[in-house]
Amino acid sequence: MPRSATHDLLILGAGCAGLSLANELIRRDSKLRVLLLEQRTEYHNDRTWCFWAPPQHAYGHCVSARWPSWRFSQGLERHDLSSAQGLQYQCIPAANFYADSRSKLKTQTAIELALGHSVRSLESKEDGVLVRCDDSEFYAPWAIDTRPQPPASQPYAQHFIGLELVAEQDCFADDLAGVMEDMACDEYGFRFNYVLPFSPRHVLLEATRFGRHVPKDALERDLQALLRARLQNTAFRELRREQGMIPMQVAAPAETAGRLLQAGLAGGAARASTGYAFLRIQHWAARCAEQLLTKQRPIAQPPDPRWRRWVDQLFLRVIEQYPERAPAFFMAMAGGVASDTLLRFLSDEGRPQDFMKVAAALPKAPFLRALPAAMGASRA
Ligand SMILES: Cc1cc2nc3c(=O)[nH]c(=O)nc-3n(C[C@H](O)[C@H](O)[C@H](O)COP(=O)(O)OP(=O)(O)OC[C@H]3O[C@@H](n4cnc5c(N)ncnc54)[C@H](O)[C@@H]3O)c2cc1C
């Protein structure tokens, strides 16, 4: 017997992707009955989202810091870049985004956020999706699943630990974001640091490594070394910590045929070669809301075009195979490619011409050696 729908759309997981879609629907004055099922019972300031963007955008009011310049460094060598087109490196603390999203949700009744609802099982049927939580079940013609999926065993990934703190004295130049600082390589592979100063005393320091086997204590040691180097002996107060692991894998195009669609990190939102996902999630959310409001099927996180998947595959193979050369590769890109070209290459705006300019700045031999394997993998 056909079930009657409790909602028009179920969103499983109300983190960045789930809330972004809700925000886009609210922005368009949607009357669709939407339910967000979220396992947490409250939100914490559990991460920061950084990205390059123009000064004005839909989440401009959530931004806590903007930097007109950003730095790549290896030893004493530095490249400080800025955008001729006015792009800034910007940071949104998750707490600002969660609070903003929840206040928008309160302005209307069609979209409901159900906290403390952990999705236990799903059944995708011909005309809809049945979702079961502990003591309730819901049915809708469409469901979008944004719950994190367990990664394949030991994927090549970006691992990081960050500490936000306030120092007792001025220690930082707050007009410059360190996006890839202190690049180096050791027995665990390629590593670098983020240094994001919100003021001369207030900073987020983050130790990052690319690799398959990254022991947590190695990252913790990196963080302690970073603290010593940047603060010297200045006393500080710890505000919060964040940590994560973002697989750096070229995602196979997500399943788009059924009524259950994947989005967010689980749907391949992170750019394989950089781990940046926030803006890609926003683009998906806007397009998905547009589809829903024109009575078309919602969309999963769209796959990258084939040429970009291939470029990312090639780049990742080379970095994994030659981690000791990775600092020189990134420094060559930062020093040899115009900032806006590099930003387009790192973002979804990149065109094949941008890739050609980046390739021209890089040593050819390792990339040529990795070419056949990358071509084979991106065809799969
Ligand atoms: C610490 C950290 C820092 C990051 N920094 C950046 C950055 O600077 N720039 C950038 O572009 N990207 C960044 N990322 C990557 C990416 O943007 C984030 O991971 C982003 O939060 C992904 O959004 P999402 O909706 O896919 O996942 P999440 O935001 O993790 O949302 C998933 C939601 O699903 C919920 N959930 C899980 N299981 C269930 C269940 N069974 N039932 C119901 N709900 C469930 C979770 O509680 C969560 O709220 C960062 C990631 C991390 C971890």
Side-chain angles (χ1 to χ4, degrees), residues 10-23 35-53 59 62-65 67 70 89-98 101-102 113-122 131-134 136-138 143-151 157-164 177-180 194 196 204-208 219 240-248 251 254 261-285 288 300-301 346-348:
L10 301 172
I11 301 177
L12 319 181
C16 182
L19 291 172
S20 297
L21 178 57
N23 290 338
L35 179 64
L36 290 128
L37 295 163
E38 168 57 48
Q39 74 174 8
R40 31 183 156 182
T41 51
E42 54 185 325
Y43 287 92
H44 297 286
N45 196 18
D46 57 356
R47 62 199 66 186
T48 47
W49 287 295
C50 294
F51 48 87
W52 281 273
Y59 288 107
C62 294
V63 169
S64 66
W67 297 275
W70 45 92
Y89 196 60
Q90 307 186 17
C91 172
I92 295 184
N96 291 6
F97 176 85
Y98 297 144
S101 304
R102 294 191 70 182
L113 171 62
L115 293 177
H117 280 65
S118 189
V119 173
R120 299 296 179 203
S121 69
L122 295 170
V131 177
R132 290 197 183 86
C133 297
D134 285 328
S136 46
E137 57 180 49
F138 307 94
I144 295 181
D145 193 359
T146 75
R147 294 169 304 152
Q149 300 298 313
Q158 174 171 155
H159 304 251
F160 50 94
I161 292 187
L163 175 62
E164 188 175 337
V179 293
M180 286 189 99
Y194 277 97
L196 301 180
L204 173 64
L205 297 175
E206 203 148 280
T208 303
L219 270 177
R240 63 174 195 96
R241 280 179 172 247
E242 67 176 44
Q243 65 179 67
M245 190 273 271
I246 302 177
M248 301 179 82
L261 304 167
Q262 277 195 316
L265 226 52
R271 174 79 186 271
S273 57
T274 65
Y276 283 100
F278 183 80
L279 289 185
R280 290 159 62 93
I281 288 173
Q282 301 317 317
H283 293 152
W284 159 78
C288 190
Q301 178 72 38
L346 296 175
S347 76
D348 285 6

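All of these numbers come straight from a predicted model, not from anything done at the bench. Residue numbers start at 1 and run along the sequence shown. Atoms considered below: every heavy atom in the structure, side chains included; atoms not considered: hydrogens, waters and symmetry mates. Order of appearance sets the numbers: ligands from 1, and atoms from 1 within every ligand.
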How close does the nearest protein non-hydrogen atom get to [atom], and which residue and atom is it?
{"atom": "atom 30 (O) of ligand 1", "value": "Arg47 NH1, 3.4 Å"}
{"atom": "atom 27 (O) of ligand 1", "value": "Thr146 O, 4.3 Å"}
{"atom": "atom 20 (C) of ligand 1", "value": "Trp49 NE1, 3.5 Å"}
{"atom": "atom 52 (C) of ligand 1", "value": "Phe160 CZ, 3.8 Å"}

Mark the output for [X] as yes if a heavy-atom distance to ligand 1 is under 4.0 Å, and as no if none is.
{"X": "His117", "value": "yes"}
{"X": "Gln243", "value": "yes"}
{"X": "Ser118", "value": "yes"}
{"X": "Ala270", "value": "no"}
{"X": "Leu12", "value": "no"}

Looking at [X], which atoms of ligand 1 are within less than 4.0 Å of one of its heavy atoms?
{"X": "Ala277", "answer": "10 (C), 11 (O), 12 (N), 16 (C), 17 (O)"}
{"X": "Ile281", "answer": "22 (C), 23 (O)"}
{"X": "Pro148", "answer": "32 (C), 34 (O), 37 (C)"}
{"X": "Ala14", "answer": "49 (O)"}
{"X": "Gly264", "answer": "26 (O)"}
{"X": "Thr48", "answer": "3 (C), 4 (C), 5 (N), 6 (C), 7 (C), 8 (O)"}
{"X": "Tyr276", "answer": "9 (N), 10 (C), 11 (O)"}

Got an N/O contact under 3.5 Å between Gly18 and ligand 1?
no
So between [options], whose heavy atom ends up nearest [atom]?
{"atom": "atom 35 (C) of ligand 1", "options": "Arg147, Arg271, Glu38", "value": "Glu38"}
{"atom": "atom 7 (C) of ligand 1", "options": "Cys50, Gly13, Ala94", "value": "Cys50"}
{"atom": "atom 23 (O) of ligand 1", "options": "Cys16, Gly275, Gly268", "value": "Cys16"}

If the plane angle is over 60° it's perpendicular, under 30° parallel, otherwise tilted; pick one for Tyr89 and Trp67.
tilted
Using 30° and 60° as the class boundaries, would you call the ring planes of Phe97 and Trp49 parallel, tilted or perpendicular?
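Because their plane-to-plane angle is over 60°, the rings of Phe97 and Trp49 count as perpendicular.
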Does Arg47 count as lying over the ring of Phe278, i.e. NZ or CZ under 6.0 Å from the six-ring centre, within 45 degrees of the axis?
no
